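This report refers to the structure that appears directly beneath it.
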Amino acid sequence: MGKVLIIGAGGVATVAAHKVCQNRDVFTDVMIASRTERKCKELAKVLNDKYGTDVRTAQVDADSVDQLVELLGAYKPDLVMNLALPYQDLTIMEACLQTGCNYLDTANYEPKDEAHFEYSWQWAYRERFEQAGLCAILGCGFDPGVTSIFTAYAAKHHFDEIQYLDIVDCNAGNHHKAFATNFNPEINIREITQKGLYWEDGKYIETEPMEIHKPLNYPNIGPRESYLLHHEEIESLVINYPTIRRARFWMTFGQQYLTYLDVIQNIGMSRIDEVEYKAPKADGTGDEVVKIVPLQFLKAVLPNPQDLGENYDGETSIGCRIRGLRGGEEHTYYVYNNCSHQAAYEETGMQGVSYTTGVPAMIGAMMFLKGLWNKPGVHNVEEFDPDPFMQQLATQGLPWHEMHDCDLEL
């Protein structure tokens, strides 16, 4: 039915590739490309041996529009699945426009030299994608992604007016490492060390990092301290659902994680600017001045998130807690998914955080190839019909659950 190019070979791309190969009636031709083709070839061999597929590979620098244009022009995919880093969203979108390819990603653009992310850079491409008759689907992971679709589903089936939205993300797993991040360390640490941000009464309110927190109960897990963060799906949801009075995003962190993070910040290892230091020359003739970005150096010495799965136990719980009106009466609604790290590892070799992002990326691509999510322009996922996506979510490894008129604790 469709030809896809997956850009990236990390944990999320690995999960998405497994799920793509499990749905060969939809994905008839698959290529995986990244800066290091060796990683693509290793993944393709696993997939081809396991599923009897013929996944192809390529090398590409996703920071280079020219290289991307050359690859897309030669392969001619129906859809490019951008599962690389958010730094590369704009170069890949530009290459898609130049070669007539449709686009999907899981996280919004973030400049390398500033720990700041918002949709404005990608929304600026709307008119060009519309004029080209191409579709760009933004933020099709879990959060953002499924949480936005949960909200759209709630608005369609359970509310006349959504007024309060709290997205809650709990990772109650244990990877048995002193300190490790569940996805790219550089992106993860940049995200959670930013100031918090939430929407209330028509404006954004900024907080200090981790300033607002409270214990919340998560299904099958229990109480976990949850911290208010800035997260990108809030930006599009309050536009697409203007009745929302308050929208917030919460994530859990263990005390040991926060202690290590505090040390990392205090000693300057979370810096994203270049610093100079003297390093011995390889030929032993003295020292030379070398420039490094501390956070990128830290990423190189921390555990690789792709290697955490084997000993990872416990589960994640991510969902939306919503309060609003239906028929003039106030109701509450909690829709969520719990994902086992071990079950994710047994199926794909990756832990649950990669799984909960990679599976929705595949489903979004499936929605596009089936013609269910396909309209010219640049769109966030809540702008499409949530029902077929929710149906696939329940059968592709991320079953969801509902609680009506319950105590939301918020």
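Source: prediction; values computed, not measured. Counting begins at 1 with the first residue of the sequence.
Between W123 and Y119, the ring planes lie parallel to each other; the angle is under 30°, not in the 30° to 60° tilted range. The aromatic rings of F249 and H231 sit parallel to each other, their planes meeting at less than 30°, with 60° as the upper class boundary.
Shortest non-hydrogen contact noted between C96 and N102 is SG-O, 3.9 Å. Pairing each heavy atom of R224 with each of A172, the nearest pair is NH2-CB, 4.0 Å. The shortest non-hydrogen separation linking T151 to I162 is O-CD1, 3.7 Å. Considering all non-hydrogen atoms of both residues, G397 and Y355 come closest at CA-OH, 3.5 Å.
Shown here is E42, whose CD atom has more than 12 heavy atoms of other residues, nucleotides or ligands within 6.0 Å.
Between the E382 side chain and the S148 main chain, no donor and acceptor come within less than 3.5 Å of each other. Judged by distance alone, the side chain of T356 and the main-chain N or O of V353 form a donor-acceptor pair under 3.5 Å. A donor-acceptor pair under 3.5 Å links the side-chain atoms of Q88 to the main chain of L85, judged by distance alone. Checking side-chain atoms of N82 against main-chain N and O of L104 turns up no donor-acceptor pair under 3.5 Å. Counting only distance, with no hydrogens or angles, the side chain of D78 and the backbone of K3 share a donor-acceptor pair below 3.5 Å. Without hydrogens or angle criteria, T395 side chain to Q392 main chain gives a donor-acceptor distance under 3.5 Å. Looking only at distances, a side-chain donor or acceptor of N171 sits under 3.5 Å from a matching main-chain atom of G173. With T332 contributing its side chain and I322 its backbone, the two residues share no donor-acceptor pair below 3.5 Å. A donor-acceptor pair is defined here as one N or O able to donate and one able to accept, closer than 3.5 Å; no such pair exists between the side chain of D169 and the backbone of M251. Although no hydrogens or angles enter the test, the distance criterion places a donor-acceptor pair under 3.5 Å between the side chain of S34 and the main chain of T36.
Salt bridge status for E208 with K195: present, with a side-chain N to carboxylate O gap under 4.0 Å. By the 4.0 Å N-to-carboxylate-O rule, D385 lies close enough to K156 to be salt-bridged with it.
Between H341 and Y345, the ring center distance fails the sub-6.0 Å criterion. The six-membered or imidazole ring of F368 lies away from that of W373, with a centre-to-centre distance of 6.0 Å or more. In this structure, the ring of H379 has its center less than 6.0 angstrom from the ring center of F384.
In this model, no donor atom of one side chain and acceptor atom of the other lie less than 3.5 Å apart for N338 and Y218.
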For this session: List the steps, then state whether salt bridge (charged side-chain N to carboxylate O under 4.0 Å, His left out) holds for E94 with R128.
Result: CA-CA 10 Å; E94 181 64 39; R128 293 179 65 195; 2.9 Å; yes
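For the pair R326 and F159, the cation does not sit on the ring face, since its NZ or CZ is not both under 6.0 Å from the ring centre and inside 45° of the axis. Under a cutoff of 6.0 Å and an axis angle of 45°, R246 and Y164 do not form a cation-pi pair.
Tested against M31, the residues L71, I6, I7 include a single side-chain contact (heavy atoms from CB on, under 4.5 Å) partner, L71.
The list of ring-ring contact (aromatic ring centres under 6.0 Å, His included) pairs with a residue in residues 45-72, not counting sequence neighbours, reads H18-Y51.
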